[in-house]
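This chain uses plain numbering: 1 for the first residue, then up along the sequence.
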Amino acid sequence: MRYSPFKIVFYIVATLLVLLGVTFLSSSKKLNNDKTQEGFFIGDINIKFPTHHSFLDDQSENPSKIKSLDSIVNNIEGLVKDLDKNATESTSKIPDFTKIDTSKVQRIKYPNNKKAFLDELRENLQSGRSRIIHYGDSQLEGDRISGYLRNRLQGLYGGSGPGFVPIVQVYQQISANVTHSDNWTRHAYFDPTQEKFFHKKYGAYTSLSRFTEAYETVDSLLLDSLKLQKATITIGIPTRSYGLLRTFTKIGLHYGHAVAPTTVKVYNDGVLVKSENLIADGLYHKLAIDLATTPSNLKIELESKISPDFYGLTLDGKSGISLDNVAMRGSSGTVFAGSNSGNFQQMYQQLQPKLLIFQYGGNSVPYLKDSLEVKEYASYLKNHINWVKRKSATASVIFIGPSDMTTNENGQMKTYPLLPYLNKTLEAMCIENGIAFWSMYDAMGRKKCHAALGRSRFSSK
């Protein structure tokens, strides 16, 4: 059967007109999570279909009301160039902040004791050695945010090296070149897919690596039945990181829960520079490897019947700023207090952090159903941050709120409805507990920034 082009066009137009007419019959219903769903509702059954309001609505916004991403970049471009220049000079230098319009900068909000907080923070950053630990979710992976911040602070206050690096890495790490033998395994306390070790000793970085099987009980009969196993860690100089990060002379191998004799030999370019037995008392310890110059090819050889738990490496300079990137994929920041308190405390006494940065909230946003759950999450988070704070009496604390996040609502990309409320709730929680708060959501321009970004990506102009 043959159809004429006119009949085909008529059929398509008629079908579209019918579908358009159905939009006038569709209704909108508000869900428990403050989202709206459009369609036809029959009991618990929902057939999604747009209403005529959303289908015909003009989604464009007045460009003058949209906070431009370009204006944010242009405002600090001169300052960034100065910082890049300072990073190549032998002495640190405070840049000229008069080049930026500070009214356009999203400022950190401080607790009521602002002067005391800033005085302590300034003193901590300017001390001879200042370690910063940056905890966060997958936004921190690859050292993307921490690497930039570390490079800036080291340019201002001195220091070098990438800081903490896990032995087994589950994501690409551009700030350090660490490889290992194939018998290493990674175990993260924040990973819900992994069975937790009974001792819960995961250290200050909330994860550990091993090169043998772990045993809950160890006796002489077990040790006699096992064979010695060898493992290696190789540390090279990264080629794609910031210049300051490629210089480190103080290497720390952090370990604990050693229950069997373990030997370690350290070579640089094939030359033995250190040979030691690790302390097998079950407690946390740090093996310090101090060198005169940055190693070109450092190899750590380990041998034991039962591997200790290795919490990772720290690659630091002789003085100044060290900043540790602790990326916890999938974490909402509510795992710290469940780990072994004594083990965590012992590691903090060695690390002596002067500033703690927490960056969480994004992983919880899609699952928050109402304002009560927002308040409960903020309360849980407060308890875990305060638990960590108590491990270091002198560390300042800054919290970075979640970024803007969108969800598909009736075919439109919109900011999660509860995200602005979560941001305000986290800010209030921080200020009340002596914690500084920086809003990434506000820095991004709030809801309208996503709309502007979406149009800039898909516009034909």
Side-chain angles (χ1 to χ4, degrees), residues 138 140-143 162-216 218 222-223 226-238 248 251-268 274-280 282 284-289 295 297-315 324-330 339-340 343 347:
S138 58
L140 270 61
E141 288 187 353
D143 207 36
F164 164 69
V165 181
I167 295 173
V168 179
Q169 303 169 37
V170 294
Y171 49 84
Q172 187 178 17
Q173 173 68 262
I174 64 172
S175 298
N177 184 12
V178 175
T179 57
H180 54 80
S181 53
D182 293 336
N183 54 343
W184 285 93
T185 57
R186 169 187 175 271
H187 309 269
Y189 189 66
F190 54 85
D191 188 345
T193 66
Q194 291 185 333
E195 185 178 353
K196 305 296 185 292
F197 289 129
F198 71 95
H199 54 64
K200 297 183 179 181
K201 296 179 180 180
Y202 286 78
Y205 300 130
T206 66
S207 67
L208 58 90
S209 300
R210 299 179 55 86
F211 60 87
T212 73
E213 181 182 348
Y215 300 90
E216 288 195 16
V218 177
L222 175 63
L223 287 175
L226 298 174
K227 295 181 180 180
L228 283 171
Q229 295 193 44
K230 295 183 179 180
T232 60
I233 308 168
T234 303
I235 304 172
I237 301 175
F248 52 89
I251 300 171
L253 178 62
H254 302 266
Y255 70 95
H257 196 60
V259 295
T262 304
T263 60
V264 56
K265 293 181 180 179
V266 183
Y267 301 86
N268 187 30
K274 193 179 188 72
S275 179
E276 240 180 74
N277 293 318
L278 298 185
I279 302 172
Y284 160 80
H285 296 282
K286 170 191 169 183
L287 175 68
I289 305 170
N297 185 22
L298 194 82
K299 186 175 183 180
I300 302 174
E301 292 185 351
L302 299 148
E303 189 175 43
S304 181
K305 291 185 175 182
I306 302 177
S307 170
D309 295 335
F310 291 93
Y311 308 120
L313 299 157
T314 47
L315 311 178
D324 300 329
N325 167 270
V326 186
M328 303 160 63
R329 180 179 296 183
S339 62
N340 187 284
N343 174 259
M347 197 163 177

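- One distance of note links OG of S181 with CG of L302; it measures 8.5 Å at 0.5 Å rounding.
- Separating the OG atom in S275 from the OH atom in Y267 is a distance of 7.5 Å, to the nearest 0.5 Å.
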Report the C-alpha separation of T234 and H180 in whole Å, then their side-chain angles, then the decisive distance to 0.1 Å, and conclude whether the side-chain contact (heavy atoms from CB on, under 4.5 Å) test is met. CA-CA 6 Å; T234 303; H180 54 80; over 6 Å; no
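- Taking CD from Q169 and CZ from R186, the interatomic distance works out to 10.0 Å, rounded to the nearest 0.5 Å.
- No side-chain heavy atom of N177 sits under 4.5 Å from any side-chain heavy atom of I237.
- Looking at heavy atoms from C-beta onward, Y205 lies out of side-chain contact with M328 at the 4.5 angstrom threshold.
- Centroid-to-centroid, the aromatic rings of H254 and F310 stay 6.0 Å apart or farther.
- In terms of modelled atom types and a separation under 3.5 Å, the side chain of K305 and the main chain of L223 share a donor-acceptor contact.
- Atom OH of residue Y202 and atom CE of residue M347 lie 14.5 Å apart, to the nearest 0.5 angstrom.
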Residue pair K286, Y255: steps toward the side-chain contact (heavy atoms from CB on, under 4.5 Å) verdict: CA-CA 6 Å; K286 170 191 169 183; Y255 70 95; over 6 Å; no
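- Separating the CZ atom in F248 from the CG atom in L315 is a distance of 5.0 Å, to the nearest 0.5 Å.
- Side-chain contact between V264 and E301: absent, with no pair of heavy atoms (C-beta onward) separated by less than 4.5 Å.
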After noting the C-alpha distance and the side-chain angles of E141 and R329, does the key distance pass the salt bridge (Lys or Arg N to Asp or Glu O under 4.0 Å) rule? CA-CA 8 Å; E141 288 187 353; R329 180 179 296 183; 2.6 Å; yes
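- When the shell of 6.0 Å around NZ of K196 is examined, it contains more than 12 heavy atoms from other residues, nucleotides or ligands.
- Within the 4.5 Å cutoff, side-chain heavy atoms of I235 are placed close to those of L313.
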Starting from the C-alpha separation in whole Å, work towards a yes-or-no answer on side-chain contact (heavy atoms from CB on, under 4.5 Å) for V168 and T185. CA-CA 7 Å; V168 179; T185 57; 6.0 Å; no
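- Taking the six-membered ring where the residue is Trp, F211 and W184 present perpendicular rings, their angle passing 60° and hence far from 30°.
- I279 contributes atom CD1, which lies 4.0 Å from atom NE2 of H285 (distance to the nearest 0.5 angstrom).
- Aromatic ring orientation, F198 versus H257: perpendicular (interplanar angle above 60°, classes split at 30° and 60°).
- The side-chain heavy atoms of Y189 and L208, taken from C-beta on, include no pair separated by under 4.5 Å.
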Would you please test I167 and V178 for side-chain contact (heavy atoms from CB on, under 4.5 Å) and show each step? CA-CA 7 Å; I167 295 173; V178 175; 5.5 Å; no
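- Using a 4.5 Å heavy-atom threshold, the side chains of Q194 and H187 count as touching.
- Residue D309 comes nearest to K201 through the heavy atom pair OD2-O, 4.2 Å, listed as atom of the first residue, atom of the second, then distance.
- N343 and Y311 share a donor-acceptor pair across their side chains, judged by distance under 3.5 Å alone.
- Residues V266 and L298 have side chains in contact (heavy-atom distance under 4.5 Å, counting atoms from C-beta outward).
- Counting heavy atoms from C-beta on, the side chains of I300 and K274 never come closer than 4.5 Å.
- Judged by distance alone, the side chain of N277 and the main-chain N or O of P261 form no donor-acceptor pair under 3.5 Å.
- In the model, T262 has a side-chain atom that pairs as donor or acceptor with a side-chain atom of S304 under 3.5 Å.
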